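Read through the structure below, which is laid out as structure tokens, and then see the notes.
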Amino acid sequence: MIKFLNALPRLSPERLRAVLPVLDWGRTYDRAQFTGDMTAAVIVTIMLIPQSLAYALLAGLPAEVGLYASILPLVFYAIFGTSRSLAVGPVAVVSLMTASALAPLGLESLVDYTAAAAVLALLSGLVLLAMGILRLGVVANFLSHPVIAGFITASGILIAASQMKHILGLSAHGHTLPEILSSIWVELPNTNLPTLITGLFALSFLFWVRKGLAKFLTSKFGISAGTAGTAARVGPVFAVIGTTVAAWALNLPGAGVAVVGTVPTGLPPLGLPNVDLSMISTLIGPAILISIIGYVESVSVAQTLAAKRKQRIEPNQELIALGAANLSSGLSGGYPVTGGFARSVVNFDAGAETPAAGAFTAVGLLLAALMLTPLLYFLPKATLAATIIVAVLSLVDFSILTRAWSYSKADFAAVLGTIVLTLGVGVEVGVATGVLLSLMLFVWKTSRPHVAEVGQVPGSQHFRNIHRHKVITDPAILTLRIDESLYFANARRMEDLILSRVHQSRDQLKHVILMCSAVNEIDLSALESLEAINQRLTDQGIKLHLSEVKGPVADRLKCSPFLDELSGQVFLSQYDAFITLTQQVHDTGEDQSVA
């Protein structure tokens with residue numbers, strides 16, 4: 001055994017701290033940081049209790065599962081995470097995606113449904129860990145910001161609509177907006193008035209807390225804006241206490257108001273959930289989508305908060321941390337988790353200095369699971385639904401449509417397609433279509449590269465588009481600036497465009513220069529097109545030249561016979577190419593002209 005351990009590669013202290021960031025910030029941990037972390041932990045714990053219960057309700061899970069999903073994940077993120085402020089746990093969008101992923105399984109038993117949610121968390125954890133080990137954080141870049149904004153907006157609408165049944169006291173159902181609205185419309189005559197009053201009171205109070213409490217505290221009591229803002233964010237706690245006491249005192253369950261009921265007291269259940277191979281094959285696709293969406297949301301929040309304190313995060317290590325958090329959630333009766341915006345901002349504003357604040361929050365939630373759950377029996381589900389609605393409506397941003405329309409019709413199409421399909425077909429189809437549209441638009445845009453004919457700006461070494469600037473050109477020299485890397489999708493179009501432009505030129509044309517300052521790569525298909533262009537031009541007595549070829553591109557071209565067969569030269573700069581070839585033209589008696 002000792003020989004085996006000695007044979008393992010030894011990690012340097014720097015590498016060990018990179019794998020376990022807790023060893024980095026932990027060695028300098030002091031009393032001031034402890035005070036800040038404890039203060040933040042108390043505030044975030046108070047905020048997380050109703051939020052965790054509400055998001056579990058959104059996922060279709062028992063309320064206590066929300067607490068379970070908020071304990072160990074915080075601890076494991078504190079060990080492996082690189083953000084000093086990120087708070088990990090259930091979030092609205094991932095909860096909605098969890099409900100959408102589990103719906104096709106058709107599980108009638110709540111025990112089986114809960115176990116399936118834990119399996120989904122385990123699969124998400126494994127996907128994130130694999131991505132982290134393979135350093136695939138770049139995968140998130142395939143989700144364009146407009147598509148993410150469209151998906152989150154549509155998800156916010158779906159979530160708010162799905163919670164209206166709890167506000168109205170109905171048994172409506174559905175996973176798309178048409179299904180949800182149709183079901184609510186059919187059930188509307190069965191609206192429970194006490195539930196509606198409770199829900200509207202909670203909604204009104206929470207909207208006031210979000211919009212007006214901070215101003216009220218600042219103007220009336222002189223409380224600082226930061227403290228008042230933090231108090232506003234924990235407002236749902238007051239709604240929970242008020243409506244719970246009212247439900248108990250007025251016996252609202254007897255009037256048909258649905259309440260949380262008995263919430264088990266005790267530690268989270270530890271162990272592997274029942275795993276069915278057919279279930280894994282059904283859930284692996286949703287697990288990948290949940291992992292990528294959760295990662296994008298988490299890293300965006302972490303980077304935003306880190307920038308405010310001139311800190312940095314390591315995206316690939318964040319994959320490891322989120323993977324460990326999801327694995328721990330699955331092993332402790334939870335469901336998929338990620339870094340949440342609202343709780344992370346509260347954690348940041350409340351003074352969290354290190355990830356230890358998350359670990360302290362986990363202790364607070366554990367105590368709540370052990371001692372406070374009996375007090376939640378009379379908590380109306382309408383209050384939790386109101387908490388969700390108020391939280392997710394802040395995610396809805398239709399301005400992305402107007403911005404996309406005015407800036408890029410292609411991006412507008414991607415955003416609109418993502419929103420419509422998410423609302424009309426489902427969450428997974430919506431986000432998958434958004435990714436597909438993003439990739440298709442990328443291929444479409446890069447397959448139609450901008451190619452400009454350029455000339456020399458008088459008195460300078462700069463070359464600009466002849467249609468935008470007054471520049472010096474020569475009828476014997478055609479310079480085309482290619483503003484895109486060359487690959488299989490645009491190689492043939494580039495070939496046709498160049499040959500067409502040559503065909504339009506007058507008989508004086510002797511040289512064609514391809515200005516490659518914006519070309520970062522030339523693949524084999526594009527190389528073959530360049531070879532064809534070179535041959536076609538040679539047959540017409542025209543020489544092909546290249547200028548400003550980047551080092552990596554030149555290295556790749558040297559691996560082929562293209563440079564040896566090139567009829568012209570490769571120039572270091574476009575200015576050198578123009579001056580040299582102009583001199584040759586001048587020596588043969590050609591004249592310059594100004595265009």
Side-chain angles (χ1 to χ4, degrees), residues 48-74 88-125 155 158-159 162-163 165-166 171-175 240 258-276 279 282-283 286-287 290 294 325-338 340 365-366 368-369 373 376-377 379-385 387-389 391-392 427-428:
L48 264 181
I49 292 174
Q51 195 179 75
S52 299
L53 300 174
Y55 289 152
L57 178 71
L58 173 60
L61 295 163
E64 66 272 12
V65 174
L67 290 176
Y68 299 160
S70 302
I71 298 175
L72 282 185
L74 281 167
V88 172
V91 299
V93 173
V94 171
S95 297
L96 176 65
M97 295 182 73
T98 298
S100 177
L102 299 181
L105 299 177
L107 300 174
E108 297 182 359
S109 167
L110 193 57
V111 174
D112 292 339
Y113 190 88
T114 304
V119 171
L120 186 61
L122 290 175
L123 291 174
S124 297
S155 297
L158 266 183
I159 292 168
S162 70
Q163 296 308 297
K165 63 182 181 181
H166 297 295
S171 57
H173 57 82
H175 296 285
V240 166
V259 296
V260 170
T262 302
V263 178
T265 300
L267 297 172
L270 299 178
L272 277 171
N274 293 328
V275 179
D276 188 316
M279 180 187 297
T282 303
L283 294 179
I290 288 173
N326 275 278
L327 285 176
S328 66
S329 180
L331 293 173
S332 58
Y335 69 102
V337 298
T338 193
L365 292 171
L366 181 63
T373 51
L376 300 174
Y377 182 92
L379 173 58
K381 289 186 176 180
T383 302
L384 295 180
T387 301
I388 293 172
I389 291 172
V392 300
V427 173
E428 294 170 12

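The structure presented is a predicted model; accordingly, all values stated were derived computationally and were not measured.
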- Message: Applying side chain to side chain contact (heavy atoms under 4.5 Å, CB included) to Met279 and Val119, what does each step give before you reach the verdict?
- Response: CA-CA 9 Å; Met279 180 187 297; Val119 171; 4.1 Å; yes
Sub-4.5 Å side-chain heavy-atom contact between [X] and [Y]:
X	Y	answer
Leu122	Leu327	yes
Leu283	Leu102	yes
Ser329	Tyr68	no
Leu67	Thr373	yes
Leu72	Leu331	no
Leu379	Val259	no

Using residues 50-65 as the side-chain source, report each donor-acceptor pair under 3.5 Å to any protein atom, sequence neighbours left out, with the distance given to one decimal.
{"unit_1": "Gln51", "atom_1": "OE1", "unit_2": "Arg343", "atom_2": "NE", "d": "3.2"}
{"unit_1": "Gln51", "atom_1": "OE1", "unit_2": "Arg343", "atom_2": "NH2", "d": "2.9"}
{"unit_1": "Ser52", "atom_1": "OG", "unit_2": "Leu48", "atom_2": "O", "d": "2.8"}
{"unit_1": "Ser52", "atom_1": "OG", "unit_2": "Ser70", "atom_2": "OG", "d": "2.9"}

For [X] and [Y], which heavy atoms make the closest approach, and how far apart are they?
X	Y	answer
Ala116	Leu105	CB-CD1, 3.9 Å
His166	Ala382	O-CB, 3.5 Å
Thr338	Gly294	OG1-O, 2.6 Å
Val88	Pro73	CG1-CB, 4.2 Å
Ala69	Gly334	CB-CA, 4.0 Å
Val263	Val260	CG2-CG1, 3.4 Å

- Side-chain H-bond candidate by donor/acceptor type, Thr114 with Tyr335, under 3.5 Å: no
Could you give the distance from [atom1] ([X]) to [atom2] ([Y]), rounded to the nearest 0.5 Å?
X	Y	atom1	atom2	answer
Leu120	Met97	CG	CE	9.0 Å
Thr262	Leu376	OG1	CG	11.0 Å
Leu123	Ile290	CG	CD1	9.5 Å

- Take Ile388 and Ile159, measure what side chain to side chain contact (heavy atoms under 4.5 Å, CB included) needs, and give me the verdict at the end. CA-CA 8 Å; Ile388 293 172; Ile159 292 168; 3.3 Å; yes
- Donor-acceptor contact below 3.5 Å, side chain Asn326 vs main chain Ser124: no
